[in-house]
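Just so it is clear, the values below take in all heavy atoms, side chains as well, and ignore hydrogens, waters and symmetry mates. Just so you know, these numbers come straight off a predicted model, no measurement behind them. All chains are named by letter (A, B, ...) in the order of the sequence lines, taking the proteins before the strands, and each is independently numbered beginning at 1.
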Amino acid sequence: MLVYLIRRLGQSALVLVVMAVLVFIGIYAIGNPVDVLISPEADLAEQQATIARLGLDRPLWEQLWLFLVNAVQGDLGRSFVHGVPALRLILERLPATLELALVALVVALSVGVFLGLWAGLKPDALLGRSIMTGSILGFSLPNFWLGLMLILVFAVLLQWLPAGGRGETVDLLGIRTSLFTLDGLSHLLLPAITLALYKTSLVIRLARAGTREVVLQDYVKFARAKGLSPSRVIYVHVLKNIMIPVVTVVGLELGSMIAFAVVTETVFAWPGIGKLLIDSIVNLDRPVVVAYLMMTVFIFILINLAVDLLYSLLDPRVRLSEAGA
Amino acid sequence: MARTAEPLLRVEQLETQFFTRAGVARAVDGVSFEVARGEVLGLVGESGSGKSVTGFSILGLVDPPGRIVGGRVLLEGENLVDAGERRLRALRGNRIAMIFQDPMMTLNPVLRIDTQMIEAVRAHHGVDRAEARRRARDALGRVGIPAPEERLSAYPHQFSGGMRQRVAIAIALLNEPAVIIADEPTTALDVTIQAQILYEMQKLCGESGTALVWITHDLAVVSGLADRVCVMYAGRIVESGPVDAVLDRPRHPYTAGLIGSVPSRNRRGVPLAQIPGMTPSLLALPGGCAFRTRCPNAEADCAAEPPAERRPEAGRTLRCHHPVGEAVS
Ligand SMILES: Nc1ncnc2c1ncn2[C@@H]1O[C@H](COP(=O)(O)OP(=O)(O)OP(=O)(O)O)[C@@H](O)[C@H]1O
Ligand code: SF4
Ligand SMILES: [Mg+2]
């Protein structure tokens with residue numbers, strides 16, 4: 001177990017370094033921030049001074065080396081626009097995105113598993129078929145369109161919920177969250193549903209396929225032959241088995257949820273890292289974009305590790321020390 | 001052999017059919033037999049003859065597209081075919097238990113053994129977890145699992161196939177059922193373990209007076225274990241009777257063929273006889289006697305009329321127009 005963890009952490013560090021190089025070179029190739037940052041009226045001397053201050057006059061490899069050395073010390077550069085460390089900007093905005101993604105994940109898991117289980121148990125019933133049709137819809141509706149429709153119906157027409165922003169937040173262990181105020185929750189609801197829809201459809205399909213397979217297994221029939229109640233058979237014997245693929249896939253999807261939050265955050269003016277990314281791209285605020293990408297990679301790595309650990313908890317047949325890469 | 005007036009389990013004209021897209025498969029087609037207290041009944045037949053479906057039908061565990069379409073299953077006088085799901089649940093695993101064919105698939109891979117045993121006790125008895133666990137441990141001990149207390153908290157994949165089948169047997173024994181249906185429980189295991197488990201099952205059931213229906217395709221197993229035997233072919237019982245009589249003097253050509261294909265010490269050197277042909281698909285059974293395409297005794301009347309069940313001698317039944325050892329008339 002410990003050996004496994006150490007090896008995984010080593011691999012992760014390597015991935016981070018490779019990503020850092022790729023990201024830095026990739027970003028270097030697009031646009032020239034000087035055009036955006038320096039007012040056109042500034043004279044040549046002023047321009048030269050700014051370029052020198054930002055270190056943009058040095059060769060690429062030297063900039064890369066500086067970047068890596070600083071990155072190891074936790075310094076991902078300063079935002080050209082805001083003049084504060086890029087990492088701090090990201091970390092300030094991160095809780096909002098994580099909160100959104102986690103709530104969406106919980107919605108997707110609970111709704112998806114319940115509906116998928118149902119559809120899997122009664123594949124030929126009208127409700128079972130409707131659930132599957134609904135999930136196809138969930139797959140094909142574009143995120144931004146759903147967000148706009150929800151705003152139109154619940155915020156504009158019915159005026160039940162706010163159209164955007166994060167609402168009132170409270171500090172919990174130094175992290176700002178809107179999970180514990182009514183106003184915060186009401187702001188969170190629509191973006192979370194928007195972000196959850198696609199994953200809910202995915203979970204429905206996984207849970208349904210898993211259920212249909214598991215109910216045919218001998219151990220389910222044997223459970224019934226023991227005289228267990230249907231609820232015990234379904235919620236213990238079947239559910240525990242279908243949770244293995246569901247948790248694995250959905251856990252890995254949490255990363256893409258954080259990444260996909262870009263669209264949802266833009267539609268709902270949700271002040272998370274997704275919106276920060278869009279703003280920074282528009283302003284060619286290179287350090288922030290780089291910091292965003294590095295943070296995303298870091299989160300992906302963390303999630304993968306957590307999913308592997310969780311998987312071994314759910315499935316007693318998996319022993320981490322034996323797993324290969 | 002003294003029989004009590006009312007057998008523990010009595011199956012009468014049981015019919016179970018599968019309504020598939022390709023047609024109706026009569027997997028169990030008018031099966032009747034009975035088992036008394038402490039008796040072991042062998043149910044023998046080739047793969048696909050309907051043995052497992054018979055077992056599942058008795059417990060009311062036939063899943064769509066299958067359905068019991070006729071007959072009665074009387075457990076201690078109560079007809080299970082008419083019983084509601086709730087009543088069946090109260091009886092399953094309690095008065096009548098089943099052990100499945102494949103020990104590797106019977107236990108839930110993600111639940112610990114104690115979970116799977118305790119739930120079986122608590123489904124039928126209002127005892128607390130500690131008491132249920134104690135009973136589970138005793139049952140494991142009874143089927144010969146060493147260190148049962150520690151093994152209780154293991155997962156199925158930590159057991160060998162033989163040990164898993166012992167666990168399944170322990171689960172079947174947990175609530176001291178009146179009848180156990182054992183569906184080829186030793187087929188997947190190697191021969192020594194098979195013999196051990198057979199011996200232990202026989203002992204345990206003999207001690208408690210549990211009636212045992214032992215499903216197998218292996219006549220050798222039946223001869224050592226069963227009191228009576230039913231030979232099944234294409235959903236029907238073609239011959240039945242006391243095990244010694246049927247094995248010594250088989251009357252049905254199919255039974256005779258099965259016996260001829262079993263290796264035996266006193267016929268060493270003689271090539272094994274094989275029943276020619278394959279088990280026919282239930283959807284394409286020949287008319288008349290279902291066995292006639294493979295039968296050495298078949299004659300014209302076998303195609304015309306399916307043989308009715310008759311009693312060639314006391315305690316035996318037979319479905320055949322031209323039985324073995326009968327002068328051609
Ligand atoms: N789910 C099903 N759908 C359709 N037909 C089925 C189904 N289950 C069983 N049958 C039919 O019932 C017949 C008997 O099956 P069963 O499992 O009882 O055979 P068996 O005697 O137990 O054979 P084996 O020795 O291989 O276990 C099969 O040949 C098949 O045609
Ligand atoms: S009835 Fe005819 S075909 Fe059928 S087993 Fe008897 S002899 Fe053979
Ligand atoms: Mg079978």
Closest heavy-atom pair and its distance - B:A123, A:G227: CB-O, 3.8 Å
What heavy-atom pair brings A:I244 and B:V110 nearest, and what distance separates the two atoms? CD1-CG1, 3.6 Å
A:F298, CZ atom: more than 12 neighbouring heavy atoms under 6.0 Å: no
Considering the options B:N108, B:L111, B:T106, which one meets the side chain to side chain contact (heavy atoms under 4.5 Å, CB included) requirement together with A:Y219? B:N108
With a 4.5 angstrom heavy-atom cut-off, is it the side chain or the backbone of B:N94 that approaches chain A, or both, or neither? neither
Toward chain A, the part of B:E85 with a non-hydrogen atom under 4.5 Å: neither
Contacting moiety of B:L61, where chain A heavy atoms sit under 4.5 Å: both
Is the number of heavy atoms from other residues, nucleotides or ligands under 6.0 Å of B:E76 CD greater than 12? yes
Please name the residue in the list B:M98, B:R89, B:E119, B:H124 that meets the side chain to side chain contact (heavy atoms under 4.5 Å, CB included) test with A:K226. B:E119
Sub-4.5 Å side-chain heavy-atom contact between A:F222 and B:I171: yes
Count the heavy-atom pairs under 4.5 Å between each of B:A120, B:P109, B:G60, B:G93 and chain A, then report the option with the highest count. B:P109
Within a radius of less than 6.0 Å around CZ of A:F114, do more than 12 heavy atoms belonging to other residues, nucleotides or ligands occur? no
Heaviest contributor of heavy-atom pairs below 4.5 Å to chain A, chosen from B:L107, B:L174, B:T115, B:N175, is B:L107
For A:F139, look at atom CZ and say whether over 12 heavy atoms of other residues, nucleotides or ligands are found less than 6.0 Å away. yes
B:Q158 atom CD: more than 12 heavy-atom contacts under 6.0 Å: yes
B:A90 portion near chain A, given a 4.5 angstrom heavy-atom threshold: neither
Under the 6.0 Å and 45° cation-pi test, does A:K221 pair with B:F56? yes
